[in-house]
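Below: one structure, written as structure tokens.
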Amino acid sequence: MIQTLRKPRWLKALAGAFVFMLACIWLGQWQLGRYEHKQATVAAIDRNYAADPVPLRTILPTPTSGVTEDTLWRSVTMTGTYDGAAPLLVRNRPRAGDRGYEVVWPLRLPDGSTLLVDRGWLSAGSGAAADLPTIPPAPKGQVAVTGWLRWGEQDLDKSPAKGQLASINYTVAQREIGGTVNHAYLVLGSEGSVKAGDPSTGLAAPNGPDRDEGWNNVSYFGQWWLFGLVAIGMVLYAARREHLEEQAARGTGADGGTAGGTGDRTGKVDAVDDAVVTSGSSQVNRSGRARQTRPPKPKKVRIWDEEDE
């Protein structure tokens, strides 16, 4: 088996399978990391979502502090004024098969910074994609806002029309509205005594937290590791099969030569045995074995010979 594996083509096959196995191990570890990340997110949701709201600056001391796994979905409260001139529509947010937008309003805080607030979902209607729906107005003047903090979404590197966003990304939004934008955004819970999703707002409530615990990622982790082991196993199986075939071929050649020699000797013995010594009505060969012979034919007697007798 070792001699077979030392052949160049099997060494190449083993090297390729080993590289593939390393890639599978890396992908498996990545899936395991995704699982751990989702578990940490769910733990933060369980810890923070139902907690009593605290002042915004208790969680975000500065606009650039950002949200961590410990503060994700933390309930906070603040006061500010909505910028009525700069509502933003976040594209491609379908719900129940209906296309629509998340409506994000910049909330101007007393320290001069801005916090993006997802006030809710708005249907796009049945018109053309270029026909934007009418955005319900936000409350005017100073308003007490309560909601849950989230980190910004990934920049999709798209350039929608003015007043629109491809994702709730504070860096992209800052280019749209200017000023200092906090490195987080707020999922609206209430404005004063009005809950998010109230009919008076004209918007459906924003989506709550995603509680995906990542068990599918654990399954993917196991699958990737199994693929790597199978790749090595397949090469070893094929090499062993070739090894056994070579052994069988060598054994057949040796057995054939022995059989041929035995046949020649047997033929010679049989030739000697066929040299027989005749005795009476039977024949005995030189090895002493009796051989059956045909009985002698009876002598024909002519009729006139019988009369003479």
Other residues, nucleotides, ligands: >12 heavy atoms within 6.0 Å of Arg47 CZ: yes
Smallest separation among heavy atoms of Ala184 and Leu60, with atom names: CB-CD1, 3.9 Å
Shared hydrophobic cluster for Ile135 and Val145 (ILVMFWY, side-chain gaps under 4.5 Å): yes
Of all pairs that satisfy ring-ring contact (aromatic ring centres under 6.0 Å, His included), the ones with a partner from residues 197-219, not counting sequence neighbours: Tyr35-Trp215
Phe20 to Ala231 - nearest heavy-atom pair and separation: CD2-CB, 3.5 Å
Straight-line distance of Phe18 CZ to Leu14 CG, nearest 0.5 Å: 10.5 Å
Nearest non-hydrogen partners of Gly28 and Phe221, listed with the distance: O-CD1, 3.0 Å
Residues that Asp98 engages under side chain to side chain donor-acceptor pair (under 3.5 Å), provided they are two or more places apart: Ser123
Check: Tyr49 ring centre within less than 6.0 Å of Trp148 ring centre: yes
Minimum side-chain heavy-atom gap Thr77-Leu56 below 4.5 Å: no
Close side-chain approach of Leu165 and Arg91, heavy atoms under 4.5 Å: no
Spacing of Gln223 atom CD and Leu27 atom CG [to the nearest 0.5 Å]: 12.0 Å
Smallest separation among heavy atoms of Pro136 and Arg119, with atom names: O-NH1, 4.2 Å
Closest non-hydrogen atom pair, Ala51 against Ser75: O-CB, 3.6 Å
Shortest non-hydrogen separation from Thr180 to Pro63 and the atoms involved: CG2-CB, 4.0 Å
Side-chain heavy-atom pair Arg99, Arg93 within 4.5 angstrom cut-off: no
Evaluation steps, side chain to side chain contact (heavy atoms under 4.5 Å, CB included), between Val103 and Leu89: CA-CA 5 Å; Val103 181; Leu89 291 176; 3.9 Å; yes
Test item: Trp151 and Glu69 side chains (from C-beta on) under 4.5 Å apart, heavy atoms: yes
Pair Asp70-Thr68, side-chain donor/acceptor within less than 3.5 Å: no
Side chain to side chain contact (heavy atoms under 4.5 Å, CB included) assessment of Thr62 paired with Arg57: CA-CA 7 Å; Thr62 66; Arg57 290 304 175 209; 5.7 Å; no
Linked, directly or transitively: Leu229 and Ile25 (ILVMFWY side chains, under 4.5 Å): no
Side-chain donor-acceptor pair present, Ser113, Asp111, cut-off under 3.5 Å: yes
Pair Glu102 + Arg95, salt bridge at N-O below 4.0 Å: yes
Separation of Ser65 OG from Asn182 CG (nearest 0.5 Å): 8.5 Å
Side-chain donor-acceptor contact under 3.5 Å, Arg108 with Thr81: no
Presence of salt bridge, Asp118 and Arg150, under 4.0 angstrom: no
Hydrophobic cluster identity match, Val54 and Ile45, side-chain contacts under 4.5 Å: yes
Flag side-chain contact, heavy atom, 4.5 Å: Pro53 against Val76: no
Ring geometry between Tyr82 and Trp105 (parallel below 30°, tilted from 30 to 60°, perpendicular above 60°): perpendicular
Partner residues of Lys158 under the side chain to side chain donor-acceptor pair (under 3.5 Å) criterion, sequence neighbours left out: none
Path from Trp26 to Phe227 over hydrophobic side-chain contacts below 4.5 Å: yes
Trp224 and Gln29 side chains, donor-acceptor separation under 3.5 Å: no
Verdict with reasoning, Arg240 to Leu236, per side chain to side chain contact (heavy atoms under 4.5 Å, CB included): CA-CA 6 Å; Arg240 176 170 174 76; Leu236 294 177; over 6 Å; no
Stepwise side chain to side chain contact (heavy atoms under 4.5 Å, CB included) test for Thr146 and Leu188: CA-CA 6 Å; Thr146 301; Leu188 182 64; over 6 Å; no
Separation between CD of Glu36 and CD of Gln39, rounded to the nearest 0.5 Å: 9.0 Å
Main-chain N/O of Arg34 paired to Asn217 side chain as donor or acceptor, under 3.5 Å: no
Side-chain heavy atoms of Leu186 within contact of Leu107, under 4.5 Å: no
Donor + acceptor pair across side chains of Asn169, Glu153 (<3.5 Å): no
Spacing of His37 atom NE2 and Leu32 atom CG [to the nearest 0.5 Å]: 13.5 Å
ILVMFWY cluster, Val117 and Val143 together (side-chain gap under 4.5 Å): yes
Qualifying residue for side-chain contact (heavy atoms from CB on, under 4.5 Å) with Trp73, from Leu149, Val187, Asp46: Val187
Residues Lys7, Glu246: salt bridge by 4.0 Å N-O rule: yes
Any Met78 side-chain heavy atom under 4.5 Å of Leu115 side chain: yes
Residue pair Val235 / Trp10, side-chain heavy-atom distance below 4.5 Å: yes
